[in-house]
Amino acid sequence: MLPDKLQTRLGIRHFSGSLRSLQVSNNLIDFSSNDYLGFSNKILQQSNQPAGATGSRLITGHSSYYEDLERKIAQFHRVEDALIFNSGYDANIGLISCLTDRSDLILYDQYVHASIRDGIRLSHAKALKFYHNDLDHLEILLSKFSQAEGREVYVITEAVFSMDGDQPDLERLVALCQLYNNVHLILDEAHSIGVTGDQGEGLAQKLGLESNIFARVVTFGKALGSHGAAILGSTDLKEYLINYARSLIYTTALPQHSLKNIAQGYQLLQTQPETVHQLQELISVFNKLVVQNGLRLRFRESDTAIQACIIKDNSKVKRASQILQENGFDVRPIFSPTVPKGEERLRICLHAFNTSQEIEQLLQILSLNIKRL
(Lines give C-alpha, C1' and ligand atoms only; values in the text may rest on other atoms or scores of the structure.)
Protein backbone atom coordinates (compact mmCIF):
# COMPACT_ATOMS: atom_id res chain seq x y z
CA MET A 1 0.00 0.00 0.00
CA LEU A 2 1.11 3.51 -0.76
CA PRO A 3 1.50 5.52 2.50
CA ASP A 4 -1.36 7.96 3.18
CA LYS A 5 0.84 11.05 2.82
CA LEU A 6 1.89 9.94 -0.68
CA GLN A 7 -1.73 9.22 -1.60
CA THR A 8 -2.56 12.73 -0.42
CA ARG A 9 0.12 14.23 -2.68
CA LEU A 10 -1.38 12.38 -5.64
CA GLY A 11 -4.83 13.56 -4.62
CA ILE A 12 -3.67 17.17 -4.67
CA ARG A 13 -2.40 16.65 -8.22
CA HIS A 14 -5.76 15.15 -9.24
CA PHE A 15 -7.69 18.04 -7.68
CA SER A 16 -5.50 20.73 -9.22
CA GLY A 17 -5.62 19.17 -12.68
CA SER A 18 -1.84 18.78 -12.78
CA LEU A 19 -1.62 14.99 -12.53
CA ARG A 20 0.98 13.61 -14.92
CA SER A 21 0.25 10.51 -16.99
CA LEU A 22 2.05 8.69 -19.79
CA GLN A 23 0.63 9.16 -23.28
CA VAL A 24 1.36 6.95 -26.28
CA SER A 25 2.86 8.96 -29.15
CA ASN A 26 0.46 9.98 -31.93
CA ASN A 27 0.78 10.52 -35.67
CA LEU A 28 0.23 14.27 -35.56
CA ILE A 29 2.69 16.77 -37.01
CA ASP A 30 5.54 16.86 -34.50
CA PHE A 31 6.00 20.13 -32.65
CA SER A 32 6.82 18.59 -29.27
CA SER A 33 9.73 16.15 -29.51
CA ASN A 34 13.45 16.90 -29.14
CA ASP A 35 14.27 15.26 -32.48
CA TYR A 36 15.47 18.65 -33.79
CA LEU A 37 17.14 17.42 -36.98
CA GLY A 38 14.69 14.62 -37.73
CA PHE A 39 17.45 12.03 -37.54
CA SER A 40 15.23 9.62 -35.64
CA ASN A 41 12.82 9.39 -38.55
CA LYS A 42 15.63 9.23 -41.10
CA ILE A 43 17.18 6.28 -39.34
CA LEU A 44 13.70 4.77 -39.01
CA GLN A 45 13.38 4.83 -42.80
CA GLN A 46 16.67 2.96 -43.10
CA SER A 47 16.25 0.41 -40.33
CA ASN A 48 12.49 0.30 -39.67
CA GLN A 49 13.28 1.27 -36.10
CA PRO A 50 13.82 4.74 -34.57
CA ALA A 51 17.27 5.40 -33.16
CA GLY A 52 16.00 7.62 -30.36
CA ALA A 53 12.90 8.10 -28.22
CA THR A 54 12.84 11.86 -29.10
CA GLY A 55 11.76 13.02 -25.64
CA SER A 56 10.90 12.10 -22.08
CA ARG A 57 8.18 9.56 -21.41
CA LEU A 58 5.84 12.34 -20.37
CA ILE A 59 6.16 14.12 -23.72
CA THR A 60 6.89 11.96 -26.78
CA GLY A 61 9.06 9.13 -25.47
CA HIS A 62 6.27 6.87 -24.24
CA SER A 63 4.76 4.20 -26.49
CA SER A 64 2.44 1.21 -26.55
CA TYR A 65 5.61 -0.92 -26.66
CA TYR A 66 6.59 0.51 -23.26
CA GLU A 67 3.17 -0.33 -21.88
CA ASP A 68 3.23 -3.88 -23.22
CA LEU A 69 6.74 -4.52 -21.91
CA GLU A 70 5.96 -3.15 -18.44
CA ARG A 71 2.89 -5.37 -18.30
CA LYS A 72 4.98 -8.43 -19.20
CA ILE A 73 7.68 -7.53 -16.67
CA ALA A 74 5.04 -7.15 -13.95
CA GLN A 75 3.54 -10.54 -14.84
CA PHE A 76 6.93 -12.24 -14.78
CA HIS A 77 7.73 -10.77 -11.37
CA ARG A 78 4.23 -11.41 -9.96
CA VAL A 79 3.54 -7.79 -9.04
CA GLU A 80 0.80 -5.27 -9.82
CA ASP A 81 2.87 -2.98 -12.01
CA ALA A 82 6.32 -2.05 -13.30
CA LEU A 83 7.88 1.23 -14.37
CA ILE A 84 10.96 1.26 -16.61
CA PHE A 85 13.82 3.69 -15.95
CA ASN A 86 16.91 4.33 -18.07
CA SER A 87 19.29 2.67 -15.60
CA GLY A 88 19.48 1.17 -12.14
CA TYR A 89 21.10 4.39 -10.97
CA ASP A 90 18.17 6.43 -12.29
CA ALA A 91 15.69 4.03 -10.71
CA ASN A 92 17.26 4.19 -7.26
CA ILE A 93 17.76 7.93 -7.09
CA GLY A 94 14.32 8.57 -8.56
CA LEU A 95 12.53 6.23 -6.18
CA ILE A 96 14.31 7.05 -2.94
CA SER A 97 14.55 10.80 -3.40
CA CYS A 98 10.83 11.37 -4.00
CA LEU A 99 9.20 9.23 -1.30
CA THR A 100 10.08 11.09 1.85
CA ASP A 101 9.69 14.36 3.72
CA ARG A 102 11.62 15.67 6.72
CA SER A 103 9.54 13.69 9.22
CA ASP A 104 10.43 10.35 7.58
CA LEU A 105 13.27 7.93 8.25
CA ILE A 106 15.43 5.76 5.98
CA LEU A 107 17.29 2.80 7.47
CA TYR A 108 19.81 1.28 5.07
CA ASP A 109 22.40 -1.48 5.07
CA GLN A 110 25.86 0.02 5.38
CA TYR A 111 27.01 -1.71 2.17
CA VAL A 112 24.25 -0.55 -0.19
CA HIS A 113 25.18 0.65 -3.65
CA ALA A 114 26.28 4.22 -4.37
CA SER A 115 23.07 4.90 -6.32
CA ILE A 116 21.03 4.16 -3.18
CA ARG A 117 23.25 6.42 -1.11
CA ASP A 118 22.85 9.21 -3.63
CA GLY A 119 19.08 8.76 -3.59
CA ILE A 120 19.17 9.05 0.20
CA ARG A 121 21.21 12.25 -0.04
CA LEU A 122 18.65 13.74 -2.41
CA SER A 123 15.75 12.84 -0.13
CA HIS A 124 14.54 15.00 2.75
CA ALA A 125 14.50 12.15 5.27
CA LYS A 126 16.68 11.45 8.26
CA ALA A 127 18.86 8.44 7.40
CA LEU A 128 20.62 5.88 9.59
CA LYS A 129 22.65 2.89 8.49
CA PHE A 130 22.55 -0.53 10.13
CA TYR A 131 25.46 -2.94 10.24
CA HIS A 132 25.78 -5.13 7.17
CA ASN A 133 23.08 -7.83 7.17
CA ASP A 134 22.72 -7.33 10.94
CA LEU A 135 18.97 -7.55 11.54
CA ASP A 136 19.42 -7.35 15.31
CA HIS A 137 20.89 -3.88 14.84
CA LEU A 138 18.08 -2.97 12.45
CA GLU A 139 15.51 -4.12 15.00
CA ILE A 140 17.05 -1.86 17.63
CA LEU A 141 16.83 1.12 15.26
CA LEU A 142 13.24 0.32 14.32
CA SER A 143 12.10 0.01 17.90
CA LYS A 144 13.86 3.24 18.85
CA PHE A 145 13.11 5.54 15.93
CA SER A 146 10.14 4.29 13.91
CA GLN A 147 7.25 5.37 16.10
CA ALA A 148 7.46 9.14 15.77
CA GLU A 149 4.10 10.68 14.86
CA GLY A 150 3.52 11.05 11.12
CA ARG A 151 6.71 9.17 10.27
CA GLU A 152 7.07 6.68 7.42
CA VAL A 153 10.09 4.41 7.56
CA TYR A 154 11.84 2.92 4.53
CA VAL A 155 14.23 0.00 5.03
CA ILE A 156 16.61 -0.44 2.10
CA THR A 157 18.84 -3.40 1.32
CA GLU A 158 20.03 -5.52 -1.59
CA ALA A 159 19.23 -9.10 -2.58
CA VAL A 160 22.89 -9.68 -3.53
CA PHE A 161 25.64 -7.28 -2.50
CA SER A 162 27.88 -6.41 -5.41
CA MET A 163 31.25 -6.55 -3.65
CA ASP A 164 30.73 -9.59 -1.39
CA GLY A 165 28.11 -11.66 -3.21
CA ASP A 166 26.27 -12.28 0.06
CA GLN A 167 22.54 -12.01 0.76
CA PRO A 168 20.34 -10.82 3.64
CA ASP A 169 18.00 -13.08 5.61
CA LEU A 170 15.07 -11.79 3.60
CA GLU A 171 12.43 -13.88 5.34
CA ARG A 172 13.36 -12.50 8.74
CA LEU A 173 13.73 -8.99 7.31
CA VAL A 174 10.21 -9.06 5.84
CA ALA A 175 8.79 -10.37 9.11
CA LEU A 176 10.58 -7.61 11.02
CA CYS A 177 9.19 -4.88 8.77
CA GLN A 178 5.69 -6.31 9.10
CA LEU A 179 5.74 -5.72 12.85
CA TYR A 180 5.18 -2.02 12.11
CA ASN A 181 2.36 -0.43 10.10
CA ASN A 182 4.55 2.38 8.80
CA VAL A 183 7.64 0.44 7.69
CA HIS A 184 8.20 -0.20 3.98
CA LEU A 185 10.88 -2.46 2.51
CA ILE A 186 12.80 -1.53 -0.65
CA LEU A 187 14.88 -4.32 -2.18
CA ASP A 188 17.48 -3.82 -4.91
CA GLU A 189 17.59 -7.07 -6.94
CA ALA A 190 20.18 -5.91 -9.49
CA HIS A 191 22.52 -8.87 -8.95
CA SER A 192 19.89 -11.55 -8.26
CA ILE A 193 17.92 -11.24 -11.50
CA GLY A 194 18.97 -14.04 -13.84
CA VAL A 195 20.90 -15.77 -11.06
CA THR A 196 18.48 -16.63 -8.24
CA GLY A 197 15.30 -18.66 -8.64
CA ASP A 198 14.14 -21.31 -11.11
CA GLN A 199 13.86 -18.79 -13.97
CA GLY A 200 16.24 -16.18 -12.57
CA GLU A 201 13.31 -14.23 -11.14
CA GLY A 202 15.21 -13.01 -8.09
CA LEU A 203 15.42 -13.61 -4.36
CA ALA A 204 12.01 -12.24 -3.33
CA GLN A 205 10.12 -14.54 -5.69
CA LYS A 206 12.31 -17.53 -4.94
CA LEU A 207 11.19 -17.19 -1.31
CA GLY A 208 7.59 -16.28 -2.19
CA LEU A 209 7.89 -12.86 -0.55
CA GLU A 210 7.16 -10.59 -3.51
CA SER A 211 3.78 -9.44 -2.17
CA ASN A 212 5.38 -8.29 1.10
CA ILE A 213 7.85 -5.82 -0.40
CA PHE A 214 6.95 -2.19 -1.05
CA ALA A 215 9.30 -1.78 -4.02
CA ARG A 216 11.84 -3.92 -5.85
CA VAL A 217 14.43 -2.56 -8.27
CA VAL A 218 15.45 -4.89 -11.09
CA THR A 219 18.12 -3.97 -13.61
CA PHE A 220 18.76 -5.20 -17.14
CA GLY A 221 22.42 -4.31 -17.62
CA LYS A 222 23.75 -7.38 -15.82
CA ALA A 223 22.36 -10.89 -16.33
CA LEU A 224 19.89 -9.75 -18.99
CA GLY A 225 22.71 -8.31 -21.07
CA SER A 226 20.83 -5.14 -21.98
CA HIS A 227 20.34 -1.71 -20.41
CA GLY A 228 17.83 -0.03 -18.14
CA ALA A 229 15.92 -0.94 -15.00
CA ALA A 230 12.41 -1.19 -13.60
CA ILE A 231 10.75 -0.50 -10.28
CA LEU A 232 8.25 -3.18 -9.29
CA GLY A 233 5.37 -2.34 -6.98
CA SER A 234 1.74 -1.33 -6.81
CA THR A 235 -0.13 0.57 -9.48
CA ASP A 236 -0.45 3.44 -7.01
CA LEU A 237 3.33 3.52 -6.57
CA LYS A 238 3.78 3.63 -10.34
CA GLU A 239 1.41 6.57 -10.64
CA TYR A 240 3.22 8.36 -7.83
CA LEU A 241 6.61 7.87 -9.48
CA ILE A 242 5.35 9.11 -12.83
CA ASN A 243 4.42 12.33 -11.02
CA TYR A 244 7.37 12.79 -8.66
CA ALA A 245 10.44 10.76 -9.74
CA ARG A 246 12.63 13.41 -11.33
CA SER A 247 14.99 10.91 -12.98
CA LEU A 248 12.03 9.63 -14.97
CA ILE A 249 10.28 12.93 -15.65
CA TYR A 250 13.27 14.95 -16.84
CA THR A 251 15.22 12.56 -19.05
CA THR A 252 14.86 11.24 -22.57
CA ALA A 253 13.23 7.81 -22.66
CA LEU A 254 14.94 4.63 -23.81
CA PRO A 255 14.73 4.02 -27.57
CA GLN A 256 12.65 1.15 -28.86
CA HIS A 257 15.64 -1.05 -29.71
CA SER A 258 16.65 -0.95 -26.03
CA LEU A 259 13.14 -2.00 -25.03
CA LYS A 260 13.28 -4.87 -27.51
CA ASN A 261 16.58 -6.05 -26.01
CA ILE A 262 14.98 -6.05 -22.55
CA ALA A 263 11.99 -8.00 -23.87
CA GLN A 264 14.30 -10.53 -25.48
CA GLY A 265 16.18 -10.98 -22.20
CA TYR A 266 12.97 -11.83 -20.38
CA GLN A 267 11.92 -14.17 -23.17
CA LEU A 268 15.21 -16.04 -22.80
CA LEU A 269 14.72 -16.37 -19.04
CA GLN A 270 11.35 -17.98 -19.66
CA THR A 271 12.26 -20.17 -22.63
CA GLN A 272 15.80 -21.16 -21.66
CA PRO A 273 15.79 -21.67 -17.88
CA GLU A 274 18.50 -24.29 -18.35
CA THR A 275 20.97 -21.41 -18.77
CA VAL A 276 20.08 -20.17 -15.28
CA HIS A 277 20.41 -23.71 -13.92
CA GLN A 278 23.80 -24.07 -15.62
CA LEU A 279 25.05 -20.94 -13.85
CA GLN A 280 23.69 -22.15 -10.51
CA GLU A 281 25.46 -25.49 -10.96
CA LEU A 282 28.69 -23.69 -11.83
CA ILE A 283 28.45 -21.63 -8.63
CA SER A 284 28.18 -24.87 -6.67
CA VAL A 285 31.21 -26.29 -8.49
CA PHE A 286 33.17 -23.11 -7.78
CA ASN A 287 32.53 -23.34 -4.04
CA LYS A 288 33.60 -26.99 -3.94
CA LEU A 289 36.82 -26.21 -5.80
CA VAL A 290 37.56 -23.29 -3.47
CA VAL A 291 37.64 -25.79 -0.59
CA GLN A 292 39.67 -28.35 -2.56
CA ASN A 293 42.31 -25.72 -3.36
CA GLY A 294 42.63 -24.63 0.27
CA LEU A 295 41.13 -21.20 -0.33
CA ARG A 296 38.01 -21.33 1.85
CA LEU A 297 39.35 -18.81 4.38
CA ARG A 298 40.28 -16.41 1.58
CA PHE A 299 36.81 -16.33 0.01
CA ARG A 300 33.63 -14.79 1.35
CA GLU A 301 30.82 -17.34 1.43
CA SER A 302 28.55 -16.76 -1.55
CA ASP A 303 25.93 -18.78 -3.40
CA THR A 304 25.76 -16.15 -6.12
CA ALA A 305 27.66 -15.27 -9.28
CA ILE A 306 29.86 -12.83 -7.34
CA GLN A 307 32.82 -14.38 -5.51
CA ALA A 308 35.25 -12.29 -3.46
CA CYS A 309 38.80 -13.40 -2.69
CA ILE A 310 40.27 -11.21 0.06
CA ILE A 311 43.90 -10.21 -0.50
CA LYS A 312 44.81 -7.41 1.86
CA ASP A 313 46.83 -4.50 0.48
CA ASN A 314 46.22 -2.72 -2.81
CA SER A 315 49.59 -3.63 -4.29
CA LYS A 316 49.20 -7.34 -3.51
CA VAL A 317 45.68 -7.65 -4.92
CA LYS A 318 46.81 -5.74 -8.00
CA ARG A 319 49.69 -8.19 -8.49
CA ALA A 320 47.34 -11.17 -8.03
CA SER A 321 45.09 -9.77 -10.74
CA GLN A 322 48.06 -9.27 -13.08
CA ILE A 323 49.18 -12.88 -12.59
CA LEU A 324 45.72 -14.21 -13.46
CA GLN A 325 45.52 -11.96 -16.51
CA GLU A 326 48.96 -13.11 -17.66
CA ASN A 327 47.54 -16.65 -17.53
CA GLY A 328 44.50 -15.72 -19.59
CA PHE A 329 41.93 -14.99 -16.86
CA ASP A 330 40.28 -11.58 -16.75
CA VAL A 331 39.84 -11.00 -13.02
CA ARG A 332 39.80 -7.44 -11.73
CA PRO A 333 41.09 -6.13 -8.37
CA ILE A 334 38.93 -4.03 -6.05
CA PHE A 335 41.04 -1.52 -4.14
CA SER A 336 40.40 0.45 -0.99
CA PRO A 337 38.71 2.88 -0.51
CA THR A 338 36.10 1.27 -2.82
CA VAL A 339 36.09 -1.43 -0.13
CA PRO A 340 37.35 -0.84 3.43
CA LYS A 341 41.11 -0.89 3.95
CA GLY A 342 42.21 -4.41 4.78
CA GLU A 343 39.39 -5.91 2.68
CA GLU A 344 40.93 -5.43 -0.76
CA ARG A 345 39.90 -8.27 -3.03
CA LEU A 346 39.69 -10.00 -6.33
CA ARG A 347 36.10 -9.88 -7.56
CA ILE A 348 35.39 -13.00 -9.59
CA CYS A 349 32.16 -13.01 -11.61
CA LEU A 350 30.87 -16.39 -12.77
CA HIS A 351 28.94 -16.89 -16.02
CA ALA A 352 26.92 -19.71 -17.52
CA PHE A 353 29.46 -19.87 -20.38
CA ASN A 354 32.42 -20.51 -18.04
CA THR A 355 33.51 -24.14 -17.61
CA SER A 356 34.49 -26.25 -14.62
CA GLN A 357 37.94 -26.70 -16.16
CA GLU A 358 38.44 -22.94 -16.41
CA ILE A 359 37.41 -22.49 -12.79
CA GLU A 360 39.77 -25.24 -11.65
CA GLN A 361 42.70 -23.69 -13.53
CA LEU A 362 41.94 -20.23 -12.18
CA LEU A 363 41.78 -21.41 -8.57
CA GLN A 364 44.94 -23.51 -8.90
CA ILE A 365 46.89 -20.50 -10.18
CA LEU A 366 45.41 -18.37 -7.43
CA SER A 367 46.23 -20.89 -4.71
CA LEU A 368 49.84 -21.20 -5.86
CA ASN A 369 50.49 -17.48 -6.11
CA ILE A 370 48.68 -16.32 -2.99
CA LYS A 371 51.33 -18.13 -0.95
CA ARG A 372 54.05 -16.24 -2.83
CA LEU A 373 52.31 -12.91 -2.32
Q: Test side-chain hydrogen bond (donor to acceptor under 3.5 Å, both in side chains) on His124 and Asp101 and set out the steps.
A: CA-CA 5 Å; His124 297 293; Asp101 59 32; over 6 Å; no
**Q.** Minimum heavy-atom distance Thr252-Thr54, with the two atoms named
**A.** CG2-N, 4.3 Å
Q: Sequence neighbours left out, what passes ring pair (Phe, Tyr, Trp, His ring centres under 6.0 Å) with Phe85? Give chain and number order.
A: none
Q | Side-chain heavy-atom pair His184, Pro3 within 4.5 angstrom cut-off | A | yes
Q.
For His113, give me all partners under ring pair (Phe, Tyr, Trp, His ring centres under 6.0 Å), at least two apart in sequence or on another chain.
A. none
Q | Arg9 NZ/CZ over Tyr244 ring centroid, <6.0 Å and within 45° of normal | A | yes
Q.
List the residues meeting ring pair (Phe, Tyr, Trp, His ring centres under 6.0 Å) with His14, not counting sequence neighbours, and say none if there are none.
A. none
Q. Can you list the other members of the hydrophobic cluster that holds Ile140, where links are side-chain heavy atoms under 4.5 angstrom apart?
A. none
Q. Can you list the other members of the hydrophobic cluster that holds Ile93, where links are side-chain heavy atoms under 4.5 angstrom apart?
A. Tyr89, Leu122
(Q) salt bridge (Lys or Arg N to Asp or Glu O under 4.0 Å) for Glu360 and Lys288? Distances and angles first, verdict last. (A) CA-CA 10 Å; Glu360 188 164 15; Lys288 290 176 183 176; over 6 Å; no
Q) How would you list, by chain and number, every residue that makes a side chain to side chain contact (heavy atoms under 4.5 Å, CB included) with Arg172, sequence neighbours excluded? A) Leu135, Asp136, Glu139, Asp169
**Q.** Qualifying residues under ring pair (Phe, Tyr, Trp, His ring centres under 6.0 Å), relative to Phe353, sequence neighbours excluded
**A.** His351
Q: Give a yes or no on whether Val174 and Phe214 share a hydrophobic cluster (residues Ile, Leu, Val, Met, Phe, Trp, Tyr; joining criterion: side-chain heavy atoms under 4.5 Å apart).
A: no
(Q) For Lys312 and Glu344: C-alpha separation, side-chain torsions, deciding distance, then whether salt bridge (Lys or Arg N to Asp or Glu O under 4.0 Å) applies. (A) CA-CA 5 Å; Lys312 299 179 181 180; Glu344 297 82 5; over 6 Å; no
Q. With a cutoff of under 4.5 Å between side-chain heavy atoms, which Ile, Leu, Val, Met, Phe, Trp and Tyr residues group with Val291?
A. none
Q.
Considering only residues two or more places apart or on different chains, which pairs with a residue in residues 275-284 satisfy side-chain hydrogen bond (donor to acceptor under 3.5 Å, both in side chains)?
A. Asp198-His277
(Q) Looking at Arg332, I'd like to know if its CZ atom is crowded, meaning that more than 12 non-hydrogen atoms belonging to other residues, nucleotides or ligands lie closer than 6.0 Å. (A) no
Q) Do you know which two heavy atoms are closest between Gln178 and Asn212, and how far apart they sit? A) NE2-ND2, 2.9 Å
Q. Remaining members of Ile262's ILVMFWY cluster at a side-chain heavy-atom cut-off under 4.5 Å?
A. Tyr65, Tyr66, Leu69, Ile73, Phe76, Val79, Ile84, Ile193, Val218, Phe220, Leu224, Leu232, Leu254, Leu259, Tyr266, Leu269, Val276
Q.
Ring centres under 6.0 Å, that's the criterion: do Tyr131 and Tyr111 meet it?
A. no
Q.
According to side-chain hydrogen bond (donor to acceptor under 3.5 Å, both in side chains), does anything in residues 213-232 pair up with another residue at least two apart or in another chain? List the pairs.
A. Gln205-Arg216
Q.
Take a 6.0 Å sphere around NZ of Lys318 and say whether it holds more than 12 heavy atoms from other residues, nucleotides or ligands.
A. no
Q.
Show every side-chain hydrogen bond (donor to acceptor under 3.5 Å, both in side chains) that has at least one partner inside residues 291-306, sequence neighbours left out.
A. Asp164-Arg300, Arg300-Glu343, Ser302-Thr304
Q: Evaluate whether atom CG of Asp330 has more than 12 neighbouring non-hydrogen atoms of other residues, nucleotides or ligands under 6.0 angstrom away.
A: yes
